[in-house]
Amino acid sequence: MEREYQSRASLKKEVKSLFAGHWGKAVTLNIIPTLLSIIGVIIVGAVLMAMIAIFANTDPSMAANESFSGHSSGSSFAGQIPSFILGLITLGINFTFLDWLRSKDADFSSLKGAFSVFSKRYFLGAFLIRILASLFTFLWALLFIIPGIIKGYAYSQASYIFKDLTDNDPQADVSFLDCITKSR
């Protein structure tokens, strides 16, 4: 069975007609991650400035002290957590836009839509799919950079496959690895 896909121009036209009269709702839905990103940058900047101020006033002889050696001022893992959470919020916004596009119903709360992925229905699946896709992409990137980029692009649709499978049959036991496999 051959599937017919819409062109980019027809999709754009459909979304513009859907947003007609509802641009405010679309903008407020996207303001949440933008504000969270700005707040995150301000907090990280304040912490860095405080650390610089603390260490600028530290006696240079203390730098050679054993308690300061071998410790890093930050962790790359700790920096990934806010990015991961913001990615889940963005996924919730994309889920809301997808529902809006399919149902043509603009009757939703922007705040609830942004955090829709944190519901019991989607959270575990979205969380595990993001973790597994990131892990698999990292492993492919260890092989060579180009396969990592290709697989990152391929796995990017796994969350949407999970949403479709969950929405089609809410009682079904959706396999996260199957979603990643189908996204290839």
Side-chain angles (χ1 to χ4, degrees), residues 1 3-6 8 11-12 14-15 18 25-41 43-44 74-106 108-184:
M1 178 170 80
R3 231 178 158 179
E4 191 171 317
Y5 295 101
Q6 289 181 315
R8 185 195 60 81
L11 281 173
K12 185 176 178 180
E14 182 181 357
V15 169
L18 181 70
K25 206 146 193 68
V27 169
T28 57
L29 190 60
N30 284 296
I31 290 252
I32 294 166
T34 304
L35 289 177
L36 288 174
S37 295
I38 291 169
I39 290 169
V41 166
I43 289 172
V44 168
S75 169
S76 61
F77 178 73
Q80 294 298 319
I81 293 172
S83 175
F84 187 80
I85 292 170
L86 197 58
L88 287 175
I89 292 171
T90 304
L91 184 62
I93 291 169
N94 290 340
F95 281 4
T96 304
F97 276 131
L98 191 58
D99 288 339
W100 188 8
L101 183 65
R102 289 178 177 168
S103 70
K104 310 290 190 237
D105 183 22
F108 60 85
S109 165
S110 296
L111 191 60
K112 187 177 178 184
F115 292 100
S116 66
V117 80
F118 291 98
S119 67
K120 183 180 179 182
R121 182 179 192 179
Y122 297 124
F123 180 71
L124 183 63
F127 180 80
L128 289 176
I129 287 172
R130 281 190 58 93
I131 294 282
L132 290 172
S134 297
L135 175 70
F136 293 156
T137 303
F138 172 74
L139 292 174
W140 276 104
L142 283 178
L143 182 63
F144 287 112
I145 299 298
I146 301 301
I149 293 170
I150 292 169
K151 287 300 179 179
Y153 182 71
Y155 297 152
S156 68
Q157 303 306 302
S159 298
Y160 303 109
I161 292 171
F162 169 74
K163 179 188 178 4
D164 285 344
L165 292 176
T166 304
D167 287 349
N168 288 340
D169 187 8
Q171 303 303 322
D173 186 25
V174 178
S175 169
F176 312 123
L177 289 174
D178 285 346
C179 293
I180 291 174
T181 301
K182 289 179 183 180
S183 72
R184 298 186 287 160

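The chain is numbered in sequence order, starting from 1. Everything numeric in this text was worked out from a predicted model, so none of it was measured.
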### Summary
So SG of C179 and CD1 of I161: to nearest 0.5 Å the spacing works out to 6.5 Å
### Task
Starting at CG of L88, measure out to CZ of F95 and round the result to the nearest 0.5 Å.
9.5 Å
### Query
Nearest 0.5 Å, what's the CG-CG distance between N94 and D99?
11.0 Å
### Partners passing side-chain hydrogen bond (donor to acceptor under 3.5 Å, both in side chains) against D178 (at least two apart in sequence or in another chain)
none
### Message
If the condition is side chain to side chain contact (heavy atoms under 4.5 Å, CB included), which residues does D169 pass it with, not counting sequence neighbours?
### Response
Q171, A172
Could you pull out every donor-acceptor pair under 3.5 Å between side chains of residues 113-129 and any protein atom, sequence neighbours left out?
residue: S116; atom: OG; partner: G92; partner atom: O; Å: 3.2
residue: S116; atom: OG; partner: G113; partner atom: O; Å: 3.1
residue: S119; atom: OG; partner: S116; partner atom: O; Å: 3.0
residue: R121; atom: NH2; partner: D167; partner atom: OD1; Å: 3.0
residue: Y122; atom: OH; partner: K163; partner atom: NZ; Å: 3.2
residue: Y122; atom: OH; partner: D167; partner atom: OD1; Å: 2.5
residue: Y122; atom: OH; partner: D167; partner atom: OD2; Å: 3.4

### Task
Quick one: pull up CG in L98 and CD1 in I93 and give me the separation to the nearest 0.5 Å.
13.5 Å
### Task
Applying side-chain hydrogen bond (donor to acceptor under 3.5 Å, both in side chains), name anything that partners R102, two or more places apart in sequence or on another chain.
D164
#### Entry: Inter-residue atom distance L35.CG - N30.CG, 0.5 Å rounding
11.0 Å
### Message
Ignoring hydrogens, what is the shortest heavy-atom contact between A26 and F97? Give both atom names and the distance.
### Response
O-CZ, 3.9 Å
### side-chain hydrogen bond (donor to acceptor under 3.5 Å, both in side chains) partners for T28, two or more places apart
S110
### Query
At what distance, to the nearest 0.5 angstrom, does CG of L36 lie from CD1 of I31?
11.5 Å
List, one per line, each side-chain donor-acceptor pair under 3.5 Å for residues 131-158, sequence neighbours excluded.
residue: S134; atom: OG; partner: R130; partner atom: O; Å: 2.8
residue: T137; atom: OG1; partner: A133; partner atom: O; Å: 2.7
residue: W140; atom: NE1; partner: Y155; partner atom: OH; Å: 3.4
residue: S156; atom: OG; partner: Y153; partner atom: O; Å: 2.6

